[in-house]
Peer 1: 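The structure follows.
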Amino acid sequence: IADRAFLDEETLESLEEGLIAADLGVETSQELVESVRKEAKRFEGGDLSRLRDHLADRVAVLLLDAPQPPARPAGRLVTLLVGVNGVGKTTSAAKLAAWHQRHGDRVLLAAGDTFRAAATEQLELWADRLDIDVVKQKAGADPAAVVYDALQAGAARSADHVIVDTAGRLHNRQGLMAELAKIKRVIERTAAGWKKRTLLVLDATTGQNAISQAREFTRHVAVDGILLAKVDGTAKGGVTVAIARELRIPVMFLGVGEGAEDLVEFRPREFAEALVG
Amino acid sequence: GLQDRLQGVFKRLKGEGRVSEEALQAALREIRLALLEADVNFRVVKSFVARVRERSIGSDVLESLTAAQQVVKIVKDELVGILGEPGGDLRLTGHPSVVLLCGLQGSGKTTTAGKLAKKLRESGRQPLLVAADLQRAAAVEQLRQVGAGVGVPVLGPDDGETAVDLATRVSREARERGYDVVVFDTAGRLHIDEALMDEIAVLAKSLDPTEFLFVADAMTGQDAVKSAGAFGKLLPLTGVILTKLDGDSRGGAALSIRSVAEVPIRFVGVGEKPDDLEVFDPERMASRILG
Ligand SMILES: Nc1nc2c(ncn2[C@@H]2O[C@H](COP(=O)(O)OP(=O)(O)OP(=O)(O)O)[C@@H](O)[C@H]2O)c(=O)[nH]1
Ligand SMILES: Nc1nc2c(ncn2[C@@H]2O[C@H](COP(=O)(O)OP(=O)(O)OP(=O)(O)O)[C@@H](O)[C@H]2O)c(=O)[nH]1
Ligand SMILES: [Mg+2]
Ligand SMILES: [Mg+2]
């Protein structure tokens, strides 16, 4: 919006378009621009970067509507990674394992995708590179059984953290969602004394369908946080603002590349600034 | 759906017989909203709505008692017009013909390679799958298993071979061994990764594919114009395959991609199994986008 320093309709419209372009969605974008319009007088004749800052503040407020739990809670932890196909769950499982390992945790990986071609091999390769144990079974095994084994092994080997990878599944497949709910029940029964969290992995390139994904997944397995992958691309992942607003689910981590180190903790203000651009 | 929303608008604002400029503006806003909610890129929406406006004003549609219905028909026709022809068979000329796949990370290339190979085998061809993703953990193994599942042999890289070396070797070996189609799977890549975009451009030069297909995820949002636009600009694409249409995303990315990549959508992925590939149907896609 160049160097225009006053809030005419055209400036407000291009502000809204900028937010829509970042995948915040029409409703959230309109709401944000309305909140800026109300304060229009404050910015008349001022410089545009102040307006951008103000907008970033308002985006951050929406994100903080979903309070962030600690990235590394104290005590023993089980993390369940869920999400639709191809978003980055397996790679994120490896990155999360590496991240916790760097923080001194003893990590165990569970190869809970027993369905897709070479899913277990993929996780095994990562585990090997990171020198982390992985619990697996033959292809076609019941994923709940793998998870059960992994939790038993985790307890026996004094692991601090068990990270469970699962098969990609579309949220409109009832049978697959039921399978996931069963995996979660196994975790709750078997890891009774452990802290537990379910992270929904979302692809930053995904549009408004991410809201539908978050809604459905949390309905079946109560999602505690989002791991937003592929933020190193050009997509900004603004749909997470709408998700924070509507479902109060916070983003906890960002995937910023394909390597084991490419995982960072979510910083709402920083993210908001990147969205507003 | 959209028709009900437009009925509401026209009922409220139609006045005595003629649809006012105000009603038309309100209707166009509803159309814009519907398309943005469906993830069509906002610039594509802008020019689309402008065209719908032209057509609505230019006709006597707005005077009609069924104005809402007629405007929806204009919108649908315009959508189908942009989405293009129904997909058809793969173009296979060359000995062997090469079908090269490309796309962003996780879009469904490896799975789609298996689907295409199965389709080719069932149509009487001798396909060969080539595992040219040397980057992703267990990518070659994944394609080997996919190939085994559809009864199509898979050629993988030798130790130390680059994707381009492999391409050179494949063209020769495929011919020698009597394969008449080669389906080339490649690593997922970002359109902003210059080195990897160069790599696949070089690969395409060496293989001279008769089909160079961009495999894209149907749930992609506003970014679809950036990625598809870059791939279309930098590479000699011949078509697009849209995957994961068995989900519930509205699929507005189809319109964005078709608008910027300027190549037709040929097939759609509708599941994880080797049979889950359908020929692209623009009418069905238009209805889906409109919700
Ligand atoms: N650029 C980039 N690529 C990523 C990121 N995270 C994952 N990927 C890539 O995305 C692709 C898919 O990743 P996976 O980890 O296999 O995704 P998944 O969700 O486990 O896939 P399914 O198990 O098949 O559902 C791979 O090529 C990864 O390297 C990221 O943060 N940035
Ligand atoms: N439901 C559904 N899943 C699909 C479809 N196409 C692919 N998948 C799934 O999407 C995930 C990613 O597919 P891949 O074939 O590994 O994707 P890719 O593009 O090769 O990934 P990279 O090589 O890492 O870039 C897998 O879980 C596939 O089973 C589809 O049409 N529908
Ligand atoms: Mg996986
Ligand atoms: Mg692949």
Side-chain angles (χ1 to χ4, degrees), chain A residues 16-27 29-30 84-91 94 115-129 139 167-173 202-210 212-213 216 229-230 232-239 257-258, chain B residues 32-34 36-43 45-46 104-111 114 135-149 187-188 190-193 216-227 230 243-244 246-253 256 269 271-272:
Chain A
E16 185 184 297
E17 285 183 340
L19 296 174
I20 289 173
D23 283 316
L24 272 80
V26 186
E27 200 179 312
S29 304
Q30 283 178 346
V84 303
N85 306 73
V87 294
K89 298 176 295 300
T90 304
T91 310
F115 170 76
R116 205 209 66 211
T120 297
E121 289 89 330
Q122 183 187 4
L123 191 63
E124 277 188 280
L125 223 101
W126 276 111
D128 208 61
R129 285 175 192 167
R169 69 200 67 222
L170 292 182
H171 50 292
N172 55 336
R173 296 273 310 262
L202 293 178
D203 187 326
T205 65
T206 302
Q208 300 307 296
N209 192 250
S212 170
Q213 292 174 26
E216 276 309 294
K230 308 180 195 173
D232 47 314
T234 51
K236 298 196 175 167
V239 66
E258 302 189 67
Chain B
R32 173 179 178 266
L33 204 67
L36 288 174
E37 285 168 354
D39 285 325
V40 180
N41 179 267
F42 78 99
R43 284 205 183 94
V45 172
K46 226 174 188 164
L104 270 71
Q105 290 88 348
S107 65
K109 298 172 292 301
T110 304
T111 309
Q135 205 280 102
R136 168 175 157 152
V140 174
E141 178 57 20
Q142 183 187 1
L143 192 65
R144 286 205 189 285
Q145 292 185 18
V146 165
L190 294 177
H191 48 291
I192 51 172
D193 187 327
D217 198 318
M219 61 192 184
T220 310
Q222 297 289 310
D223 196 60
V225 290
K226 293 216 179 92
S227 49
T243 62
K244 307 178 200 171
D246 46 318
D248 61 6
S249 77
R250 296 264 293 274
S256 307
E272 296 191 74

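Being a predicted model, the structure only gives us computed values, none of them experimental.
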Peer 1: I'd like to know if the side chain of A:Lys89 reaches the main chain of A:Val84, judged simply by a donor and an acceptor atom lying under 3.5 Å from each other, with no hydrogens or angles considered.
Peer 2: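 Confirmed, A:Lys89 side chain pairs with A:Val84 backbone.
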
Peer 1: Name the option with the most non-hydrogen atom pairs under 4.5 Å to chain A; the candidates are B:Ser107, B:Ala137, B:Gly114, B:Gly149.
Peer 2: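 If we count pairs closer than 4.5 Å to chain A, B:Ala137 comes out on top.
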
Peer 1: By a 4.5 Å heavy-atom criterion (distance strictly below it), what part of A:Ile20 contacts chain B: side chain, backbone, both, or neither?
Peer 2: both

Peer 1: Would you mind checking which part of A:Glu27 comes under 4.5 Å of any heavy atom in chain B, side chain (CB onward), backbone (N, CA, C, O), both or neither?
Peer 2: neither

Peer 1: For the pair A:Thr205 (side chain) and B:Thr220 (backbone), establish whether a donor and an acceptor sit closer than 3.5 Å, ignoring hydrogens and angles.
Peer 2: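 Judged by distance alone, no pair lies under 3.5 Å.
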
Peer 1: Using heavy-atom distances under 4.5 Å, tell me whether B:Leu143 contacts chain A through its side chain, its backbone, both, or neither.
Peer 2: neither

Peer 1: At a heavy-atom distance under 4.5 Å, which candidate from B:Lys226, B:Glu141, B:Gln105, B:Glu37 has the highest pair count against chain A?
Peer 2: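 Winner by heavy-atom pair count: B:Gln105.
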
Peer 1: Looking only at heavy atoms and a cut-off of under 4.5 Å, which of A:Ala118, A:Ala22, A:Gly233 has the most pairs with chain B?
Peer 2: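 Of the options given, most contacts go to A:Ala118.
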
Peer 1: Where does A:Val87 contact chain B at under 4.5 Å (heavy atoms): side chain, backbone, both or neither?
Peer 2: side chain

Peer 1: Taking B:Asn41's backbone N and O only, do any of them form a donor-acceptor pair with B:Arg43's side chain (distance below 3.5 Å, no angle check)?
Peer 2: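 No: the side chain of B:Arg43 does not pair with the backbone of B:Asn41.
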
Peer 1: Could you tell me which non-hydrogen atom of A:Gln208 sits nearest to which non-hydrogen atom of A:Asp23, and how far apart they are?
Peer 2: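 Heavy atoms of A:Gln208 and A:Asp23 come nearest at NE2-O, 3.1 Å.
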
Peer 1: For B:Phe42, is there any backbone N or O sitting under 3.5 Å from a side-chain donor or acceptor partner on A:Glu17?
Peer 2: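 Not at all, since once roles are kept as given, no pair shorter than 3.5 Å links the two residues.
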
Peer 1: Is it the side chain or the backbone of B:Asp246 that comes within 4.5 Å of chain A heavy atoms, both, or neither?
Peer 2: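 It is both, since atoms from each part get that close.
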
Peer 1: Is B:Arg250 close to chain A through its backbone or its side chain, or both, or neither, when contacts mean heavy atoms under 4.5 Å?
Peer 2: neither

Peer 1: With a 4.5 angstrom heavy-atom cut-off, could you sort out which part of A:Asn85 is near chain B: side chain, backbone, both or neither?
Peer 2: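 For A:Asn85, heavy atoms of backbone and side chain both lie under 4.5 Å from chain B.
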
Peer 1: Please check if any side-chain donor atom of A:Ser212 sits under 3.5 Å from a side-chain acceptor atom of B:Asp248, or the reverse.
Peer 2: yes

Peer 1: Scan for salt bridge (Lys or Arg N to Asp or Glu O under 4.0 Å) pairs involving residues 117-128 of chain A, sequence neighbours excluded, and state none if there are none.
Peer 2: A:Glu124-A:Lys136

